[in-house]
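So that the names make sense, note that chain A is the first sequence line, chain B the second, and so on, each numbered from 1.
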Amino acid sequence: MSVMSQEPRVGAASEPAASPAAETPTTATPPASPAVPAGTPLALQVESVRRVYKAKSGAVTALAGVDLEVQAGELFGLLGPNGAGKTTLIKILTTLLAPTSGTAKVFGFDVEHETKRIRRIMNMVAGGEQSGYGILTVREQLWMFSQFYGMSSADGWKRSEALLDRVGLGEKKHQRVSTLSTGERQKMNLARGLMNDPWILFLDEPTLGLDVEAARSLRELMLEWRAAVPGRTILLTTHYMAEADELCDRIAIVHKGRILAIGTSAELKRRVQRESIFRVELDRLEGGVGSIAHLPGVVKATTAATDGGQAERQNVAINLVLEDDAALGAVVGALGTHGSRILGLQKSEPTLEDVFVELVGRGFEDEDEPEEHVDDPEAST
Amino acid sequence: MAVTAASVTAGGRRPGAIGGSPGEGGSRLGGIARAFWTSVRIGWRMEANWTDPLLFFIYSVAKPVSAALILVVMLSIVAGPAAANLRPFVVIGTALWSLVTSGISGLAWSILDDRERYRMLKYIYVSPADFVVVLLGRGVARLGVGAAGTIITIVIGILVLGVPFDLGRIDWPVLVLATLFGLTSVVALALLLAAICLQTRQESWSYPEAFAGAAFLVSGAVFPLTVLPAPVQVLGLVTPLGWWIEAARRAFLPDAPSGIGGAGSYLASINGGAVPSAAECLLALIVTGAVATLAAAVVFRFSVRRAQERGLLDLTTGS
Ligand SMILES: Nc1ncnc2c1ncn2[C@@H]1O[C@H](COP(=O)(O)OP(=O)(O)OP(=O)(O)O)[C@@H](O)[C@H]1O
Ligand SMILES: [Mg+2]
């Protein structure tokens, strides 16, 4: 008795595509990994997606019109303060939640009408939650999912164990889920997420609550997994700026249900800082900063506090804002003619956090802003 | 984490080839069967208390047997010597009832447990397995646990309480058909209840038992429907449970008093007073069961859709 709608197999829609992995002559054995078809439209195509929750206090607009395109093979990051709508977007893309309006496609499949197809090619892992059937053993729980993905029983056991080894839980496979620590559950959860070798993996704060070592190995695993097969895509949310900076090909900064900026980490940084900023430390500076402020290409020169204190009290530090890096040459030359010796030179780069703070307008700790409540007549749910 | 990505895939399964996707080897029917049996197996592992003798004793032996005993004792106080006649009626009724309770509540509890306690509902939902199939498997596992209580109660009824039992007199075709359609109906009602629990935002652990309790009243399990007011009798006649219990009881005890129909009953005002035959009970069970199953399928489907629209699938009352 099937109550759920019947969905045809994934095959048809993406048939014409040829995978890079398949360009080697076809042999009897299938490729080692499920390859993502090349020429697949886009991993993610989100158009004007809105999501309004009905809460007791009124309607809450979690997503206020999001447009987003992610290429197959990208590792894409969503950054945003608490309540920005990141998890909501992931829920919509993983078919757990329907959008209030707008359309979203995962590898060309519509999240509302082609759910069965999407479920085969994606998986998701949310961090920081205590999920799992406590009474089952770790491998039993994984095996259950292997069966849901249509593997034979024996293959399911093999795969569950291989995945547990891979996430570093091999020794705990016979332990009950209830005995795992938070981080270990998280690893088990990741193993589940890799069960079907998805084309796209959604990771909602995957390193939340992990120790430094575990977080690093999870990041390595993510990169390794993605690199193994061309086209594998990851959408990641995180509150760790360094993590986003290190991992993501592109990042979207989300705030109050809207995407404020999208780009590579470098592009985003350039957005907040077009000039070059240097910090120069000198043994002395005759004529003060005024002597260099007028040089060509120098936007601003100010004295800065010297660090260290005692021994370096004679030293002078200046902050230089230059139109671009090329202007540095003239400054260095001028300092030489003034008889100053350069003790240190540092280019100061904006961090992703600077970008975040500038775009979002507040730091992470600052939570006093009330949630956005919008009375929306369109809100159908 | 030294194993490379590629080596892990070599699990022996047929990986999704181009344009296909992982694990998409078998037929759709095969996938459904696999998901179903997996859920039965996992559900059994989680629900059955075989490994814990004390829990097993409490839930599968003490609870149903004491329920039957309480009623038998009450009956002998109220009815005196005449109670001996009614004893088999009550024992079979309560025995089947333990199956109804675990059956009806099982699915709803699986939803609530998975959503609230294990937080796995969302992961099951976003897997390619049919959501309803997985839940049905879990429900069947709970039915199996309930069946243990039923069998134990009947055995104790025969050995200790003097319920007449004659293998030769059991109407096997009626018993087998009644069990088949009866359990299907129980699962259908369970699905209906699960659909309702999926919509609740508050903890609703008490719903299933409340529902089962109400159904108990109108099912004729321990006292004939006749004693109830006419409108309530109607309710009993349109639900499959009463017909199931009645058909099963007839199969076991051809001479037992009937829980449905007969002099003074509402049914008598329609059919002129005849006690329905076993075949008629079976027919009524099939008709009411089919209606319940259809309704459950429609309502469940609607409920899942609505839950997806409202974000109820991963809703928890806690953190
Ligand atoms: N079920 C719900 N009912 C009502 N409002 C909700 C519901 N789920 C989320 N919201 C609201 O929607 C907004 C977006 O929530 P969401 O969980 O998507 O944020 P997020 O970006 O993931 O935040 P975080 O970084 O804290 O995880 C928040 O204001 C939240 O309060
Ligand atoms: Mg979130």
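Heavy-atom distances place the side chain of A:E129, and not its backbone, under 4.5 Å from chain B. Looking at A:Q130, only its backbone comes within 4.5 Å of chain B, counting heavy atoms on both sides. For A:N189, the part lying near chain B is the side chain, with the backbone staying farther off; criterion is any non-hydrogen pair under 4.5 Å. The parts of A:M124 that come within reach of chain B are both its backbone and its side chain, each placing non-hydrogen atoms under 4.5 angstrom from that chain. Of the two parts of B:Y123, the backbone and the side chain both hold a non-hydrogen atom closer than 4.5 Å to a non-hydrogen atom of chain A. Both the backbone and the side chain of A:A126 come within contact range of chain B, judged by heavy atoms closer than 4.5 Å. Heavy atoms closer than 4.5 Å to chain B are found nowhere in A:V177, neither backbone nor side chain.
Taken from CD in A:E140 to CZ in B:R41, the straight-line distance is 7.5 Å, to the nearest 0.5 Å. Atom CD1 of B:I124 sits about 4.0 Å away from atom CE of A:M144, to the nearest 0.5 Å. To the nearest 0.5 Å, atoms CE (B:M46) and CD (A:Q141) are separated by 9.0 Å.
Put simply, the side chain of B:D130 reaches to within 4.5 Å of the side chain of A:K116, judged on heavy atoms. Using a 4.5 Å heavy-atom threshold, the side chains of B:V126 and A:M122 count as touching.
Between A:T95 and B:Y125, the closest heavy-atom pair is O-CE2, 3.3 Å. Scanning both residues, B:R119 and A:S131, for their nearest heavy atoms gives O-CB, 3.4 Å.
Taking B:A129, B:S39, B:S127, B:A35 one by one and counting their heavy-atom pairs under 4.5 Å with chain A, the maximum is reached by B:S127. Put simply, of A:L96, A:T94, A:V125, A:L136, the one with the most heavy-atom pairs under 4.5 Å next to chain B is A:L96. Between chain A and the options B:M120, B:R306, B:R305, heavy-atom pairs under 4.5 Å are most frequent for B:M120.
By the ring-ring contact (aromatic ring centres under 6.0 Å, His included) test, A:F145 is found to be paired with A:F148, residues two or more places apart in sequence or in another chain being considered.
The side-chain hydrogen bond (donor to acceptor under 3.5 Å, both in side chains) pairs that include a residue from residues 131-140 of chain B are A:Y133-B:R138, B:D114-B:R138, where partners are two or more places apart or lie in different chains.
B:E309 and A:K54 are not joined by a salt bridge, as no carboxylate oxygen comes within less than 4.0 angstrom of a charged side-chain nitrogen.
The local environment of CH2 in B:W37 is sparse, with at most 12 non-hydrogen atoms from other residues, nucleotides or ligands closer than 6.0 Å.
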